[in-house]
Amino acid sequence: MSGFSAPHCGSLRPSDEGRELELYGWVARRRDHGGLIFIDLRDRWGVVQVVFNPSHATAAHEKASDLRSEYVVRVGGKVARRRSGAENPRMPTGEVEVIASDLEIISIAKTPPFAIEDDVEADEALRLKYRYLDIRRPKMTHNLELRHRVVQAIHRYMDAQDFMEVETPMLLKGTPEGSRDFIVPSRLHPGEFFALPQSPQQLKQLLMVAGIGRYYQIARCLRDEDLRADRVVEITQLDVEMSFCIEEDVLALIEGLWQKVWKDVLGIDIPTPFRRIDMQEALLKYGTDKPDLRYDLEITDVSDALRETGATVLRSALHSGGVVRCLAVPGGKDMSRRELDELALLATGAGAKGLAWMPGPLDRHLGEGEMSAIRSAVGAGADDLVLIVADRRRKAETVMGLLRREIARRRKLVRHGEWNFLWVYPMYLFEEDDMGNLTYGHHPFTSPWPEDMPMLTSRPYEVRARAYDCVLNGVEISGGSIRIHDRELQERVFEILGMDRDRIRSQFGHLLDAFEYGVPPHGGIAAGIDRLMMAITETENIRDVVAFPKTQSHQDLMLGAPSPVDPKQLEELHIRVVPAKKTPS
């Protein structure tokens, strides 16, 4: 038995007519039609129909009577054209079938807990528990095949651009880079821990100090963070760093990469250069730093036109330093009160004080001139509805961005099949965390915009960064920056972020010391393979493009992980488990 010499089930075409062959695969479906037995035989490459005829091969036909779904079999036979009218245009192999002369049942199978087909209705938790069965579904197999081809195209391109692939270690020193570290206890150094890499950020910068010049890696990164539909615990990213570069070098490199990937994998020509918008414009017009341009809704600021408005809720927001943002909903005057209430609930759930609309209850508090100014600013027609949010700028941006996306979904405004790449550049060096405190935008190694240096300590939120994100159809698929390569500036940024000298030395001394030995200017980027595949396959669930993902509660339902370990192992590691406190019922 040699599967390497055998053709694939999904490869057979009319040009194979008359070919004697052996096929190996799984029984996807079995049908008994008055003596003739048909099966659909499936492997990774597709499905082909096999016919068992008792007058042609009696023994094979008798064995075929015992076949059930997901049995593994070997079939010997000859390729024939299907009779006229019996073709199946929905199958790539639909013009042919295999007339079986021999059958071997290699492995029998229990009845699967769900149907192995694309339109499966099984709960995701069940599919994750039996992931090896879920991957057999043609859609999942196709997604993994597509991912493989994307990664191979990346390797070819980076090699052609003279980049060196360098592997970096998985056991590192924990440093703050935006997410919580996974930590690993050291058996030989009791009470001390390694951290699994959130990214190879500092290592790739050290490779630049080492003179590598052009580095890349398909890197595994791990982040102990709460999961969402677009997040997984284990991340795969294309990691890139280059010396003696400016932003234009990195942007041109990545535009060429995506052009290459789309051409090699999808056969699609991607025009370059990509559109660019700065962070301020992205947040104003689209309410997000990763705008989806497959629909035309744009948010407008109408603060200046309403400074002295009679609408108390709007005026009070403006007088306290906030803004008023509006969005026109095409044909939205037909929206029901229930829909509007659902949108208002979405807005308040995101932290807004409320949501207003025109025409609506707010009209009686606005003058004709103000309503006209609002409609003119947002380009609203007679049949359009205008949504209005008044709040702090950051909050208004977030809420309007969510509303924009929800309106596009509800009113089916997304133009599927488009590939809208753009750069958000420049970005901001600092931002607020969930507690309203100063934190970094990308990471603390990002270089400030040279002209904004004087504002580093006086107005940090206004300081731009030499940072850039590549966005595709509302998904951030890559992001990077030109790095700080001056020790004094790097220490200053750490201090602005609230780190004292002892902490800086403890966590970043290795990097700062390296900067004393001749460090070239350098910059780079990281591209999330998982999110890239989400955009290519147009799925909103990252687990659709990952072979063995965890659940949102960090569990592997198939392997039963995490799980307790042998007490002896804990003793070797000098670890004592403290039972979790019970939550009062």
Side-chain angles (χ1 to χ4, degrees), residues 1-123 126-127 129-142 145:
M1 180 170 62
S2 175
F4 290 105
S5 61
H8 305 312
C9 295
S11 67
L12 300 178
R13 299 294 185 269
S15 58
D16 293 301
E17 183 179 8
R19 180 181 178 184
E20 298 272 359
L21 46 68
E22 281 188 338
L23 295 175
Y24 296 87
W26 285 260
V27 177
R29 193 172 290 108
R30 174 185 173 277
R31 304 176 299 280
D32 195 331
H33 290 178
L36 294 179
I37 295 175
F38 297 84
I39 66 168
D40 289 341
L41 189 64
R42 181 189 68 241
D43 63 12
R44 174 186 130 193
W45 294 269
V47 177
V48 69
Q49 178 172 280
V50 179
V51 184
F52 296 90
N53 189 327
S55 62
H56 176 72
T58 304
H61 180 269
E62 288 179 358
K63 287 184 180 180
S65 300
D66 296 328
L67 294 179
R68 297 294 182 269
S69 177
E70 302 309 312
Y71 277 29
V72 179
V73 300
R74 178 188 63 81
V75 172
K78 180 185 290 188
V79 180
R81 279 182 174 269
R82 295 197 191 192
R83 61 180 174 79
S84 179
E87 300 93 342
N88 186 346
R90 293 172 296 178
M91 294 171 58
T93 61
E95 295 180 73
V96 299
E97 59 191 9
V98 174
I99 308 301
S101 57
D102 186 34
L103 171 66
E104 177 187 358
I105 298 176
I106 298 172
S107 175
I108 64 173
K110 294 167 60 176
T111 301
F114 52 84
I116 312 297
E117 55 190 29
D118 283 344
D119 296 327
V120 62
E121 296 182 359
D123 179 73
L126 183 64
R127 291 191 290 113
K129 181 178 180 180
Y130 297 94
R131 188 62 161 181
Y132 45 85
L133 298 180
D134 195 41
I135 290 175
R136 290 184 192 173
R137 294 190 299 122
K139 178 181 177 180
M140 279 299 305
T141 303
H142 171 74
E145 173 76 20

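Computation of the quantities below employed the complete heavy-atom set of this structure, encompassing side-chain atoms and omitting hydrogens, waters and symmetry-equivalent molecules. Every value quoted in this text rests on a predicted model; they were computed, and no experiment measured them.
At least one donor-acceptor pair under 3.5 Å links the side chain of H61 to the backbone N or O of G35. Looking only at distances, a side-chain donor or acceptor of E87 sits under 3.5 Å from a matching main-chain atom of G85. Of the possible donor and acceptor atoms, one in the side chain of S101 sits under 3.5 Å from a partner among the backbone N and O of G76. Side-chain atoms of R137 come within 3.5 Å of backbone N or O of D118 as a donor-acceptor pair. R19 places no side-chain N or O within donor-acceptor distance of the main-chain N or O of L12, the cut-off being under 3.5 Å.
If you take CD on Q49 and CD1 on I99, they are separated by 8.5 Å, rounding to the nearest 0.5 Å. Atoms CZ and CZ, on R42 and R136 in that order, are 6.5 Å from each other to the nearest 0.5 Å. Here the straight-line distance linking atom CZ of F38 with atom CG of N53 works out to 8.5 Å at 0.5 Å rounding. Expressed to the nearest 0.5 Å, how far CH2 of W26 lies from CD1 of I116 amounts to 11.0 Å. Here I39 contributes atom CD1 and D32 contributes atom CG; the two are 12.5 Å apart, rounded to the nearest 0.5 Å.
Among all heavy-atom pairs drawn from V75 and A100, the shortest one is CG1-CB, 4.0 Å. Annotation for D134 and F114: closest pair N-CZ, 3.8 Å, computed over non-hydrogen atoms. W45 and D43 get closest at one heavy-atom pair: N-OD1, 2.9 Å. Looking at every heavy atom in both residues, S69 comes nearest to A109 through O-CB, 4.0 Å. Among all heavy-atom pairs drawn from E70 and A28, the shortest one is OE2-CA, 4.4 Å. Nearest heavy-atom pair, P112 versus L133, reported as atom, atom and distance to 0.1 Å: CB-CD1, 4.3 Å.
With a 4.5 Å cut-off on side-chain heavy atoms, D102 and R74 count as touching. No side-chain heavy atom of R68 sits less than 4.5 Å from a side-chain heavy atom of V27. Under the 4.5 Å side-chain criterion, counting only non-hydrogen atoms from C-beta, L67 is in contact with L103. In this structure the side chain of I37 reaches within 4.5 angstrom of the side chain of S65, judged on heavy atoms. Contact annotation: the side chain of E104 never approaches that of E22 to less than 4.5 Å [non-hydrogen atoms, C-beta and beyond]. Contact check for C9 versus V47: no side-chain heavy atoms found under the 4.5 Å cut-off.
Atom CZ of R31 is surrounded by more than 12 heavy atoms from other residues, nucleotides or ligands within 6.0 Å.
With respect to R13 and D16, no salt bridge is recorded, no charged nitrogen being found less than 4.0 Å from a carboxylate O. Salt bridge D66/K63: absent, no basic N to carboxylate O contact under 4.0 Å. A salt bridge links R29 to D40: at least one charged side-chain nitrogen sits closer than 4.0 Å to a carboxylate oxygen. The pair R127-E121 does not count as a salt bridge, with every side-chain nitrogen at least 4.0 angstrom from each carboxylate oxygen.
With sequence neighbours excluded, the residues satisfying salt bridge (charged side-chain N to carboxylate O under 4.0 Å, His left out) with E17 are R81.
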